Asker: 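Before I ask anything, let me first share the structure, which is written out below as structure tokens.
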There are 2 protein chains.
Amino acid sequence: MADPEIPPPPWQRLPDRSSRKRREPISRDAIVAAAIGLLDREGLSALSMRRLGEELGAGAASLYWHVGSKDGLLDLVLDELIGEVEVPDPDPARWQQQLKETARSQRRVSLRHPYLVRVSIGRIPMGPNALRVTEGTLAILRAGGLSPRLAVQGYLLLIDTVNGFTVDETGVEDGGAPQLPPEELQKVADMARDYIASLPPEQFPNMTDLAGEFAFSDPDERFEILIDIFVDGLARRAAAR
Amino acid sequence: MADPEIPPPPWQRLPDRSSRKRREPISRDAIVAAAIGLLDREGLSALSMRRLGEELGAGAASLYWHVGSKDGLLDLVLDELIGEVEVPDPDPARWQQQLKETARSQRRVSLRHPYLVRVSIGRIPMGPNALRVTEGTLAILRAGGLSPRLAVQGYLLLIDTVNGFTVDETGVEDGGAPQLPPEELQKVADMARDYIASLPPEQFPNMTDLAGEFAFSDPDERFEILIDIFVDGLARRAAAR
DNA sequence: GGTCTAGTCAAACACTGTTCGATGGTTGGT
DNA sequence: ACCAACCATCGAACAGTGTTTGACTAGACC
């Protein structure tokens, strides 16, 4: 037998197993968790299969055994994050406040993970967490006495409305950073304000007049206006007829 | 001089200029128009610089001289399409209907170009057409007597609301086709309905109960509910105080 | 021991947006 | 007529992407 101390000749090109093998096998859950961590830290454009692989100390190809595709992974990520939204148990007397509370919770989650809304586009959330949220929201609407049809339409509209708001709110980002710092954001807002103010007033009387309002418009206030209008309108519609 | 009739010997490997040169030079406008045509025909995922180049009978690198980057191109595409939305001249007596009309027009454009909302994400539309639409919408709101602050907040919310609705409506597409045919869409809806109906009723009483409503929920009706609620709510808020 | 299978992964494929440098046509100046 | 400058085009290359293939290995079962 050959002495194991003697290294094999270099031209034999034995596979290098130094970095291989030792692996408590990666699990689907670990992949999803690592993906969310990477997304939170570095934003949507930083998530690639290779990058995620090395984050887990694994090869990119290994991931496919567990999640099938990047699209499949994002489905899992989406449902995982939907699990973070809180929906209260229905109380018929307070259904309007409860609806607003779920909307606020949904917005909070979308702000905590600014890539979320972008990921959700084109996906119909049907994972276990999504089902839970949907069921809970419908329960609140029905507790409010809405008709079956209006409950469903209202539920769908609520999601669209909150998503439409947050997709805008979290839209200008992801040049790498998950969310640009407030000062940078303020600078962008100021530039926009200055540009608007510099337009020819005879052609854009309203914009130039309202340039200051654009700069100071508060997203929190705006969101509250939105859900006020929406929930009120829904209640009014339910009460009519 | 060499007789131009005699072809050069093949080993000389002169550059092949057969497909080169003859080009009434491509213009920025022509590029944008071709991009929109390609997007309308084959959807967002079909738009690549190489593909767009050959669509114009040009090389991909040539496009960069005119539009700078793909992102820059999409900015131009966005503003061009925003130019398709119609906003009426303000009439104080009819400002609520007029607001709804612009919302409907915006939706129509987004349905005619299903990739539009996706393109608009992360972009602040500031092209000439966007300015025109913004100015016109603000004019209507101010004609309605809204305060400066509420006018701006209302304008921003209107856009978010309509976009949120249409991003959902046009979301499930672009596997290549710009919009899947209605039958396919109905099949997806039916599958979702069946799946919802098959859930355990004790855990999801409301979803199973309302499964039918999900399948039959009409987007047109839903959109009308949405703008009804929104415009009404905005008017009520303007009247209060 | 042997066989089987679940899991890992390097390498390759076909794409993507973008940059570089070479090339040519056109224009204006002399 | 010549020559330089400029505008515009584009092949080739670069770095990156998602995904597939096929070889491989470690552990479990018989």
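Just so you know, these numbers come straight off a predicted model, no measurement behind them. Lettering of chains follows the sequences in order, A, B, ..., and the numbering in each one begins at 1.
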Asker: Which nucleotide sits closest to the side chain of A:K70: D:dT9, D:dC10, D:dG18?
Answerer: D:dG18
Asker: Nearest 0.5 Å, what's the CG-CD distance between B:L111 and B:Q106?
Answerer: 11.0 Å
Asker: As a test of reading the structure: which of C:dT16, C:dT19, D:dT19 is closest to the side chain of B:Y64, going by heavy atoms?
Answerer: C:dT19
Asker: Separation of B:L74 atom CG from C:dG17 atom C1', in whole Å?
Answerer: 12 Å
Asker: Whole angstrom is fine here: how far is it from CZ in A:R28 over to P in C:dA6?
Answerer: 15 Å
Asker: B:L63 has an atom CG; how far is it from atom C1' of D:dG11, in whole Å?
Answerer: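 Between C1' of D:dG11 and CG of B:L63: 14 Å.
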Asker: Answer yes when A:E54 and A:R50 have at least one side-chain N-carboxylate O distance shorter than 4.0 Å, and no when they do not.
Answerer: no
Asker: When rounded to the nearest 0.5 angstrom, what distance separates CD in A:E169 from CZ in A:F223?
Answerer: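 These two atoms lie 8.0 Å from each other.
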Asker: May I ask you to say what B:S48 touches in the nucleic acid, namely base, sugar-phosphate or nothing, with a heavy-atom cut-off under 4.0 Å?
Answerer: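 Counting heavy atoms under 4.0 Å across all strands, the contact made by B:S48 is with sugar-phosphate only.
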Asker: If you check the B:H66 side chain, which of D:dT9, C:dC20, C:dT18 turns out closest?
Answerer: D:dT9
Asker: Taking any heavy-atom pair under 4.0 Å as a contact, classify B:L47: base, sugar-phosphate, or nothing.
Answerer: sugar-phosphate
Asker: Ignoring hydrogens and angles, does a donor from either the side chain of B:R50 or the base of C:dG17 sit under 3.5 Å from an acceptor on the other?
Answerer: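 In this structure, the two groups form a donor-acceptor pair.
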Asker: Hey, which of A:E101, A:R108, A:R104 is the one that makes side chain to side chain contact (heavy atoms under 4.5 Å, CB included) with A:E86?
Answerer: A:R108
Asker: Find the distance between CD (A:E213) and CG (A:D218) and round it off to the nearest 0.5 Å.
Answerer: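 If we round to the nearest 0.5 Å, A:E213:CD and A:D218:CG are 11.5 Å apart.
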Asker: By nearest atom, which of the nucleotides D:dT9, C:dT8, D:dT17 is closest to the B:W65 side chain?
Answerer: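 Ranking D:dT9, C:dT8, D:dT17 by closest atom to the B:W65 side chain puts D:dT9 first.
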Asker: Using atom CD1 of A:I31 as one end and atom C1' of C:dG7 as the other, report the distance to the nearest whole Å.
Answerer: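 Atom-to-atom, A:I31 to C:dG7, this comes out as 11 Å.
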Asker: What integer distance in Å separates A:L52:CG from C:dC9:C1'?
Answerer: 15 Å
Asker: Rounded off to whole Å, could you give me the CG-to-C1' distance for the B:D71 and C:dT16 pair?
Answerer: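 Rounded to the whole Å, the gap is 14 Å.
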Asker: What's the closest nucleotide to the A:A61 side chain, out of D:dT19, D:dC10, D:dT20?
Answerer: D:dT20
Asker: In whole Å, what is the span from the CE atom of B:M49 to the C1' atom of C:dC15?
Answerer: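 To the nearest whole Å, that distance equals 15 Å.
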Asker: Rounding to an integer number of Å, can you tell me how far A:L73 CG sits from D:dT17 C1'?
Answerer: 15 Å
